[in-house]
Amino acid sequence: MTETIEAPAALRQINHWIGGRAAAGVSGRKGPVFNPATGRQTGEVDFATPEEVDAAVQAAKVAFATWRGVSLAKRAEIFFRVRELVHERREEAARILTSEHGKVLSDALGEVTRGLEVIEFCCGLPTLLKSEYSEQASTGIDVYSIRQPLGVVAGITPFNFPAMVPMWMFVLKPSEKDPSASIWTAELLKEAGLPDGVFNVVNGDKVAVDSVLEHPDVAAVSFVGSTPIARYVYEKATAQGKRCQALGGAKNHMIVLPDADIDMAADAAVSAAYGSAGERCMAVSMLVAVGSVADPLIDAIKQRIPNVKVGDGMNPANEMGPLITREHRDKVASYLEDGKVVVDGRESCPDEGFFLGPSLIDDLKPGMRAYDDEIFGPVLGVTRVDTYDDAVRLVNESPYGNGTAIFTRDGGAARQFQFEAQAGMVGVNVPIPVPVAYYSFGGWKGSLFGDRHIYGPEGIDFYTRGKVVTSRWPDPATSKVDLGFPQTR
Ligand code: NAD
């Protein structure tokens, strides 16, 4: 496992994007960007100072004043153009993702496509912002509601979906590990006709995040990342009076009942555990095998693992790429000490880059590190239980509640599971139940701080606030002095 830190002559410089143009950082602080498949540094990204964050917020504030007055028709037209451009250039976007994140090209394309669905949802803005109207709520009085934008809102995003998650967001602080996709998005939005300043990118680390959280002109913050940072961001943002949705980590359990189709469950477990090298907040990381299903299920998964092609994501033949950094790869590998290791991914992966092969651990139980922690890598744990009730208890006692799934042919059991599972996204014979763009995405418990999920209808709610207008047109016949509390009858 090698990591080459010596800098090649031409390291790509990744700057900020403020007021519709690239802005070179002035702090002198930078972070390295690697190609995880080779372990070589390919670029360096500027880290913003509080002053640079302020410049981005001020650019957004100026743009907001005119952007909020742009007609819905014009805004929808721009979104349609963005949709067309992202669609046309999805392969270019996928290559950027693969070169910095490591995920294989087909997976990167899938990410861009899911981001595209959110943009398509936004094309329906005129319908989404329609409100209610009550004529004659009281004599001569009509009441209606409108939704207005909050103001400058910020997004802070993780490394694992460098294109899709930023497509949910305005003043954006992307992950410093794979920042190029955000700059690519900014350039594309400009080309699509988005006015300068509406979308800004500040790269950086905790300094930039804290500046966003403390900035008096930022009205709301959307965060996606690990649970400890999500909690920190939520507490700090709300203490400053901001609206905040902070999506955290996950440990998603997939329950397999004895009546499940074993091949289907094994295919699903392998796809959902090892896709994107397990670096998905909706990855299946724990299999809960109920009763007699455990042995045949583990056998079926074991048979499939050697067929997963691991290697550089730029090669279309590969199905699973490397992890994001050498440190993260080593941390993930350190979990292969707990339980009964059935397949050890350290034995079957390329030497170069930050790779770890698909790994399988049987006999994990609560209290073991590999059961309790979010591993965020290609390690699938199995826990064996006797009954459906034991399985649901594990799901509900988990401190996380992002996604969960049940595999069964029993409709009654599936319905019961949907009723009682304490998680925000539930799959029935679907291992990664990421909602389509016209529903909202988000977990429960330690997977979400805040009360609104992201994108979809709840995303619209989050970024806007309601106003109710009570209106009467002058009619001398109904005008009189009345000091009583207004009544509607
Ligand atoms: P992370 O929490 O380390 O980083 C997320 C963001 O927070 C980055 O922009 C980073 O620069 C910033 N950050 C990191 N440390 C900080 C600190 N001390 N103070 C302020 N800001 C800080 O997460 P990551 O490793 O980039 O991404 C992986 C995590 O994200 C996993 O836990 C995964 O489950 C989670 N995730 C969750 C969802 C979801 O929808 N719930 C989606 C994707 C990823």
Side-chain angles (χ1 to χ4, degrees), residues 29 31 33 36 45-48 50 53 100-103 111 114-115 118 154-169 171-179 181-182 201-214 221-237 244-252 276-285 323-325 327-329 331-332 373-377 398-404 423-425 432-435 440-450 452-456 458-459:
R29 293 173 59 240
V33 176
V45 56
D46 290 328
F47 281 4
V53 170
E100 287 184 3
H101 176 283
K103 61 178 71 177
E111 170 178 349
R114 291 307 290 252
V118 174
I156 300 163
T157 57
F159 77 81
N160 68 319
F161 282 106
M164 180 184 80
V165 175
M167 284 178 193
W168 305 344
M169 314 257 155
V171 172
L172 173 69
K173 205 304 280 172
S175 170
E176 63 278 27
K177 294 176 186 140
D178 44 14
S182 297
V201 180
V202 279
N203 284 302
D205 55 1
K206 182 172 166 53
V207 174
V209 172
D210 286 345
S211 309
V212 165
L213 298 178
E214 284 161 9
V221 176
S222 294
F223 172 89
V224 182
S226 58
T227 290
I229 313 294
R231 182 183 286 114
Y232 167 79
V233 165
Y234 182 76
E235 286 172 358
K236 198 166 167 97
C244 185
Q245 53 180 187
L247 281 74
K251 185 87 183 181
N252 305 312
S276 199
E279 290 176 326
R280 288 181 184 143
C281 65
M282 289 294 279
V284 166
S285 46
L323 284 97
I324 184 76
T325 59
E327 295 73 23
H328 184 57
R329 181 263 171 219
K331 182 168 177 227
V332 172
D373 292 2
E374 177 186 30
I375 298 178
F376 218 55
S398 168
Y400 299 104
N402 216 37
T404 185
M425 295 169 279
I432 305 189
V434 172
S440 297
F441 177 103
W444 288 10
K445 301 189 276 186
S447 298
L448 175 76
F449 300 88
R452 290 209 183 80
H453 288 183
I454 215 159
Y455 74 64
E458 292 190 46

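Both counts, for ligands and for their atoms, begin at 1 and track the order of listing.
The closest non-hydrogen atom to atom 26 (O) of ligand 1, taken over Phe223, Phe376, Phe159, Phe441, comes from Phe159. Comparing heavy-atom distances from atom 35 (C) of ligand 1 across Gly403, Ser285, Gly225, Cys281 singles out Gly225 as nearest. Taking each of Val434, Asn252, Ile156, Val209 in turn, the one with a heavy atom nearest to atom 21 (N) of ligand 1 proves to be Val209. Considering Gly155, Gly249, Gly248, Pro179 only, the shortest heavy-atom separation from atom 37 (C) of ligand 1 involves Gly248. Among Pro158, Gly31, Gly446, the residue whose heavy atom lies closest to atom 27 (O) of ligand 1 is Pro158.
A heavy-atom distance below 4.5 Å is found between the side chains of Tyr232 and Asp210. Contact of the Val434 side chain with the Arg280 side chain is not registered, since no non-hydrogen atoms from C-beta on lie closer than 4.5 Å. Contact check for Thr227 versus Glu374: no side-chain heavy atoms found under the 4.5 Å cut-off. In this structure, Asn160 and Ser276 have side chains that are not in contact, with every pair of non-hydrogen atoms separated by 4.5 Å or more. Between Val332 and Phe376, the closest side-chain pair of non-hydrogen atoms is not below 4.5 Å.
Not a single heavy atom of Gly443 sits under 4.0 Å from any atom of ligand 1.
Looking at Glu176 against ligand 1, only its side chain comes within 4.0 Å, counting heavy atoms. With a heavy-atom cut-off of 4.0 Å, Asn402 touches ligand 1 through its side chain alone. Contacts of Arg280 with ligand 1, taken as heavy-atom pairs under 4.0 Å, are absent altogether.
Test Gln245, Arg231, Glu235 against Phe449 for side-chain contact (heavy atoms from CB on, under 4.5 Å) and you get one pass: Arg231.
At least one N/O-N/O distance between Glu374 and ligand 1 falls below 3.5 Å. Note: no N/O pair closer than 3.5 Å links Asn160 and ligand 1 by distance alone. In terms of polar-atom proximity, defined here as any N/O pair under 3.5 Å, Tyr232 makes no such contact with ligand 1. Residue Lys173 has at least one N or O atom closer than 3.5 Å to an N or O atom of ligand 1.
Pro435 and Met425 make their closest contact through CD-SD, 3.3 Å (heavy atoms, listed as atom of the first residue, atom of the second, distance). Between His328 and Leu323, the shortest heavy-atom distance links the atoms CD2-CD2, 3.5 Å.
Environment of NZ in Lys445: crowded, with over 12 heavy atoms of neighbouring residues, nucleotides or ligands closer than 6.0 Å.
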